[in-house]
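Numbers here simply count residues along the sequence, with the first being 1. Note that the structure is a prediction, hence the values are computed from the model and not measured.
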Amino acid sequence: MKKLLLMLFVTMSSLVQGQVPTDWQVDGLKGKVKKRTMVRTWTDGAIKKEEVLYNVEGVKTKTLLYDTDGSGSSLVCEYQNIYREYKDNKRYIISLPCEEEDNEYTMSNRTPDREYWTADRQQVFIYGFLGNDSYSRSTYDEEYRLINKESYTKFSSGGEERIVVSNIFYTYNEGGELIRLDYSSKSNNEEEKSYYLYETQKRDKRENILRRIVQDKEKKNSFIEEFTYEYY
């Protein structure tokens, strides 16, 4: 009887927590990607870069975020997100300036973000530096394509409290390729809406995206995303 109850408890716990997919699955990657680099270039010349590192099991270990320097002539690393190992369905993520080292002293002075998965393929992200009241909830389909992302952030500025609620919906074609993103947000009495159209132009031999164009139809703006990959 005790053994049966234990088995039922373990089964119910796994249903509540949910299965944790690899970051390769969540990021829509094919093959054993070691590093993915994305350079985003806007029509006005602005450039940003992101580098994502994965271990051999397909789990993120670090993300590096680059922006143009003061002169606008070169990219410099501004922030790094460091991913701790999953414990059950949860992990911690710590953001640091790129020049800071990932050591015990540095980490003790940071409030980590928290991420966990639920049984219905929802990824919940709690923003540590803003407190437990600020979070995002992303919902995925059976193939771990992102369908919807809701965000709620609360913070104070100049003695005033501000709340921002946003919602993003993702649309795919019959081949499972992202073709549209619809965005809306509310902040106090202000409301913003926009939508983006995605056009993939090139893929590598593993079918990972190499180049795509994204158009912001409300702001009449567009940018190009170009990807490179290193594989295990």
Side-chain angles (χ1 to χ4, degrees), residues 18-43 45-68 74-86 89 91 93 95 98 113 115 117 121-123 125 136-149 168-183 195-217 221-232:
Q19 181 179 354
V20 177
T22 68
D23 287 305
W24 288 338
Q25 289 176 280
V26 174
D27 292 345
L29 298 175
K30 310 290 194 304
K32 295 182 178 295
V33 176
K34 182 178 183 180
K35 178 180 176 182
R36 182 192 69 182
T37 301
M38 179 189 70
V39 177
R40 181 177 289 154
T41 307
W42 277 263
T43 51
I47 300 175
K48 291 184 183 293
K49 185 172 81 170
E50 176 191 76
E51 293 178 343
V52 185
L53 307 180
Y54 305 84
N55 65 19
V56 293
E57 296 175 342
V59 178
K60 285 179 184 175
T61 58
K62 184 182 291 188
T63 300
L64 300 170
L65 304 172
Y66 296 77
D67 204 345
T68 49
S74 60
L75 286 165
V76 294
C77 185
E78 291 195 331
Y79 270 90
Q80 55 180 329
N81 297 322
I82 299 165
Y83 295 78
R84 294 301 188 224
E85 292 184 4
Y86 274 106
N89 67 330
R91 70 177 169 188
I93 304 166
S95 297
C98 289
D113 300 322
E115 175 190 286
W117 286 86
R121 291 185 301 279
Q122 289 192 339
Q123 181 189 43
F125 192 95
S136 68
R137 183 183 297 272
S138 301
T139 303
Y140 293 80
D141 66 10
E142 294 84 354
E143 298 182 19
Y144 286 101
R145 286 187 296 251
L146 182 55
I147 300 301
N148 171 238
K149 181 176 182 179
I168 305 174
F169 289 93
Y170 300 81
T171 303
Y172 301 84
N173 62 18
E174 293 181 356
E177 188 174 283
L178 178 64
I179 57 174
R180 177 169 172 145
L181 180 156
D182 287 86
Y183 170 84
Y195 70 97
Y196 300 80
L197 299 181
Y198 288 73
E199 179 189 350
T200 299
Q201 294 188 320
K202 191 176 181 181
R203 293 179 179 269
D204 69 7
K205 62 182 181 181
R206 292 179 176 86
E207 289 300 308
N208 288 317
I209 296 173
L210 291 176
R211 177 185 168 95
R212 68 182 174 190
I213 296 177
V214 185
Q215 299 181 58
D216 182 340
K217 302 303 289 185
N221 195 3
S222 65
F223 53 86
I224 296 172
E225 293 179 336
E226 295 179 292
F227 300 83
T228 57
Y229 305 91
E230 293 179 22
Y231 294 92
Y232 283 104

Can you name the nearest heavy-atom pair linking [X] to [Y], along with the distance?
X      : Y      : answer
Gly28  : Asn208 : O-OD1, 4.0 Å
Ile93  : Asn81  : CG2-CB, 4.1 Å
Gln19  : Tyr144 : O-OH, 3.9 Å
Glu51  : Lys49  : OE2-NZ, 3.5 Å
Trp117 : Tyr86  : NE1-OH, 3.4 Å
Leu75  : Lys48  : CD2-CA, 4.3 Å

Working to the nearest 0.5 Å, report the span between [atom1] of [X] and [atom2] of [Y].
X      : Y      : atom1 : atom2 : result
Cys77  : Tyr66  : SG    : OH    : 4.5 Å
Ile147 : Ser138 : CD1   : OG    : 11.0 Å
Arg84  : Ile82  : CZ    : CD1   : 6.0 Å
Leu178 : Thr171 : CG    : OG1   : 8.0 Å
Ser95  : Gln80  : OG    : CD    : 9.0 Å
Glu143 : Tyr172 : CD    : OH    : 10.5 Å

Can you confirm whether [X] sits close enough to [Y] that some side-chain heavy atom of one is under 4.5 Å from a side-chain heavy atom of the other?
X      : Y      : answer
Tyr195 : Phe169 : no
Thr22  : Tyr54  : no
Asn221 : Thr43  : yes
Tyr79  : Leu64  : no
Arg180 : Asp182 : yes

Q.
By the definition side chain to side chain donor-acceptor pair (under 3.5 Å), identify the one residue from Gln122, Gln123, Arg121 that meets it with Tyr140.
A. Gln123
**Q.** Residues Arg145, Glu177: salt bridge by 4.0 Å N-O rule
**A.** no
Residues 56-63 side chain polar contacts: donor-acceptor under 3.5 Å, at least two apart:
{"from": "Thr61", "atom 1": "OG1", "to": "Leu53", "atom 2": "O", "distance (Å)": "3.4"}
{"from": "Thr63", "atom 1": "OG1", "to": "Tyr83", "atom 2": "OH", "distance (Å)": "3.4"}

List the atom pairs, donor and acceptor, that lie under 3.5 Å between side-chain atoms in residues 30-42 and the rest of the protein, sequence neighbours left out.
{"from": "Arg36", "atom 1": "NH2", "to": "Glu50", "atom 2": "OE1", "distance (Å)": "3.2"}
{"from": "Arg40", "atom 1": "NE", "to": "Glu225", "atom 2": "OE2", "distance (Å)": "3.0"}
{"from": "Arg40", "atom 1": "NH2", "to": "Glu225", "atom 2": "OE2", "distance (Å)": "2.6"}

Q: Report the C-alpha separation of Ser222 and Asp216 in whole Å, then their side-chain angles, then the decisive distance to 0.1 Å, and conclude whether the side chain to side chain donor-acceptor pair (under 3.5 Å) test is met.
A: CA-CA 6 Å; Ser222 65; Asp216 182 340; over 6 Å; no
Q.
Using the rule given for salt bridge (Lys or Arg N to Asp or Glu O under 4.0 Å), can you reason through Arg211 versus Asp204, listing the C-alpha separation, both sets of side-chain angles and the distance that settles it, and then say yes or no?
A. CA-CA 10 Å; Arg211 177 185 168 95; Asp204 69 7; over 6 Å; no
(Q) Quick one: does any side-chain atom of Asn173 pair with a main-chain N or O of Gly175 as donor and acceptor, under 3.5 Å? (A) yes
Q.
If you apply the rule side chain to side chain donor-acceptor pair (under 3.5 Å), what do you find for Gln215 with Tyr198, and how did you get there?
A. CA-CA 7 Å; Gln215 299 181 58; Tyr198 288 73; over 6 Å; no
Q: For the residue pair Tyr229 and Phe227, categorise the inter-ring angle as parallel (less than 30°), tilted (30 to 60°) or perpendicular (more than 60°).
A: parallel
Q | Any residue meeting side chain to side chain contact (heavy atoms under 4.5 Å, CB included) with Glu199, in chain and number order, not counting sequence neighbours | A | Gln201
